[in-house]
Asks: 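Provided herewith is a single structure, encoded as structure tokens, for subsequent inquiry.
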There are 2 protein chains.
Amino acid sequence: MKRPDIGEIARRAGVSRSTVSYALSGKRPISPEKRDKILRLVEKLGYRPNASARALAEGRSRTVGLVIPPLSHRLVDAQLAFVAVLTELASSVDLDVLLSPSTGDDDRSFRRMLNGGRVDGVLLMEVRMNDERIAALEESGVPYVLIGRPADPTGLHWVDIDYGGLVERCVQHLADLGHRNVALLNRSAELVAAGYGPARRAVAALEAAAARHRLRAHPICCADDTAGGEAGMKQILEMRPRITAAVTINESALQGVSRALDRSRVRVPRDFSLVGVVGERWAEDFHPRMTAAVVSPAELVRSAFAMLLERIADPGAEPRHVLQSPSITLGGTTGRAPRG
Amino acid sequence: MKRPDIGEIARRAGVSRSTVSYALSGKRPISPEKRDKILRLVEKLGYRPNASARALAEGRSRTVGLVIPPLSHRLVDAQLAFVAVLTELASSVDLDVLLSPSTGDDDRSFRRMLNGGRVDGVLLMEVRMNDERIAALEESGVPYVLIGRPADPTGLHWVDIDYGGLVERCVQHLADLGHRNVALLNRSAELVAAGYGPARRAVAALEAAAARHRLRAHPICCADDTAGGEAGMKQILEMRPRITAAVTINESALQGVSRALDRSRVRVPRDFSLVGVVGERWAEDFHPRMTAAVVSPAELVRSAFAMLLERIADPGAEPRHVLQSPSITLGGTTGRAPRG
DNA sequence: CTGAAAGCGCTTACAG
DNA sequence: CTGAAAGCGCTTACAG
């Protein structure tokens, strides 16, 4: 009951192996009778071309690689979206997805993905400001697209969310409402330390905007979970009444933020304003609905995948990039600064 | 600057290709000088064996497949754990992970994974009570382990969480506290309709336990998100004071559950008792900490992976299974039924 | 301890 | 429209 190979099909159909191959690929005209006979046999015997043999002969694997961050940084919702959406997209064009965990430290899995001809292209997520994996990708010659971008993205292919610009816009919004002391509820200290782009750019943007609007900036890191959010928000609320508003980019902490506000009996937006750069579901789940720049990781990965396909098709293509920068949707969490 | 192949290494080292191969695999003794020379060249030129060629020659791919549910059912936290943990585990033993989305309806990606020799083993998640993908797996001859189990799991290799037993235990706990009308806040109606194991077994167990304890069962489906949880819980609370307690297996709905309780000014556990079958982080994030059977998807996937490796190594191995059934940890969400 | 060669199962010029 | 054959880059008996 072993799986038949192409030779078995050819034998039974009374044709050569090349005829079977061409009948299946459609790369050359085959007489209708032979074609039908072959296709019937393929169906009946459940023949599928061996992927390795095909990859070896064709020189491509019909597989794209996705490099995911290791478990140690708790994976957040947006990352799940990357995996799930990419898998669906790839499957819709008959590509497979190969996963590799990697920080970039050493990582055999990552090198294997690059050098063994396992994949035709790579999507690298969680890019850091200074990310040595980019050099490895570059050297490997495998087409790739970054989700996120390093400090200097010149000449690279990437998609990203404009955390810098969005945080600035959030601060601007708060400044317009009269807030003079604004906190940033950032991602975790570990991510900041690791040079994680969004976290770093959020801080930089906060400070730049604060300088421009002549207000005080208070960046706070917090773990990507409820406990982290509660602790971070509590810390901020202790600085009331000086601090009257916060910007957050930490979706996963929001439930804790909410709880801290409740516990401190601080009412939003009367006593305190909150504006976020978060996914739709997070903005919506907040109560009241959060004033936020609503980002879409799914959309981002869609762009990245499209770019990757282009690049695979035309390896010499000019570097392109997509910077997602949605405008702020007003919700019920921001209002005029309370009177000092 | 093209990647060197094994022949290039052999030429430069002045040995045959087989010697290079054996030096790398260690499957046959090589004289130290040649070995060193070869390894140095491999290092210097960055040689990695071509994965397809190796897979073709060896007859195995050093890759395991993970079949994930399609996006349409929103992926929940536990599913992310499966992906992330499996990827790390696999990478720790130099295996790659190939992803495939599938419900089992038609799905080329799934069939491709099975029949193209792409993977040495498969982990299938989100198994339904009556899941035709199992027959496809069986027929393919590829070793596999199910995460979840069908109605009749006899002779199969699987790991699962004992939702049935756990829900029964939860009902028992509530019965002991004097509750006579108990609701079940289940997963979504779609999942129930699709025959999703945990959702189906939860209902069956609820009803069985209700019969045994002579109490009334009220199963309610709710979407796997905050809005769903809020709606579901609201529906249940409207049946107060008759219904005094609920069991939930829907982690993703908990934030909404919490909100519905707050809005209705129902105090837990004084006015209403809640007990869950949920992951640690969900039990912990609830306020007060939830009385719950705390399940661990990460642990489950660890068992599944270990079983898969065993099965790959010994395809004729006896069917094994693991049924996770943690005891209930008391939290602050269950108490005596309020006086009717 | 080592090498020449077959073979894994495809695809695709080459020749007709 | 079709077939015989080379070749993709490995691994592993086979022979020494």
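Chain A is the first sequence line, chain B the second, and so forth, proteins listed ahead of strands; every chain is numbered from 1.
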Asks: Using residues 43-51 of chain A as the side-chain source, report each donor-acceptor pair under 3.5 Å to any protein atom, sequence neighbours left out, with the distance given to one decimal.
Replies:
from, atom 1, to, atom 2, distance (Å)
A:N50, OD1, A:S52, N, 2.9
A:N50, OD1, A:A53, N, 2.8

Asks: So does B:K27 get a side-chain nitrogen or oxygen closer than 4.0 Å to the phosphate oxygens (OP1/OP2) of D:dT12?
Replies: yes
Asks: A:S21 near the nucleic acid: base, sugar-phosphate alone, or nothing, with a heavy-atom cut-off under 4.0 Å?
Replies: base
Asks: Which nucleotide wins on minimum distance to the side chain of A:R54, given the candidates C:dT12, C:dT11, C:dC1?
Replies: C:dT11
Asks: Within the modelled atom types, does a donor on one side and an acceptor on the other bring the side chain of B:S18 and the base of C:dG3 under 3.5 Å apart?
Replies: yes
Asks: Run the salt bridge (charged side-chain N to carboxylate O under 4.0 Å, His left out) check on A:D94 and A:R62 step by step: do they pass?
Replies: CA-CA 8 Å; A:D94 284 341; A:R62 297 168 185 261; over 6 Å; no
Asks: Measuring only the C1' atom in each nucleotide, how far is D:dG16 from D:dT12? A whole number of Å is fine.
Replies: 16 Å
Asks: Given C:dT2, is OP1 or OP2 found less than 4.0 Å from the side-chain N or O atoms of B:K34?
Replies: yes
Asks: Reckon A:Y47 has a side-chain N or O less than 4.0 Å from the OP1 or OP2 of C:dC10?
Replies: yes
Asks: Does B:R28 get its side chain close enough to the base of C:dG3, under 3.5 Å, for a donor-acceptor pair?
Replies: yes
Asks: List DNA chain D stems (3 or more consecutive Watson-Crick/G-U pairs, under 3.5 Å)?
Replies: C:1-3 with D:14-16, C:5-12 with D:5-12, C:14-16 with D:1-3
Asks: May I have the distance from A:R118 (atom CZ) to D:dC8 (atom P), rounded to whole angstrom?
Replies: 20 Å
Asks: Would you please confirm or rule out a distance under 4.0 Å between OP1 or OP2 of C:dC1 and any side-chain N or O of B:S31?
Replies: no
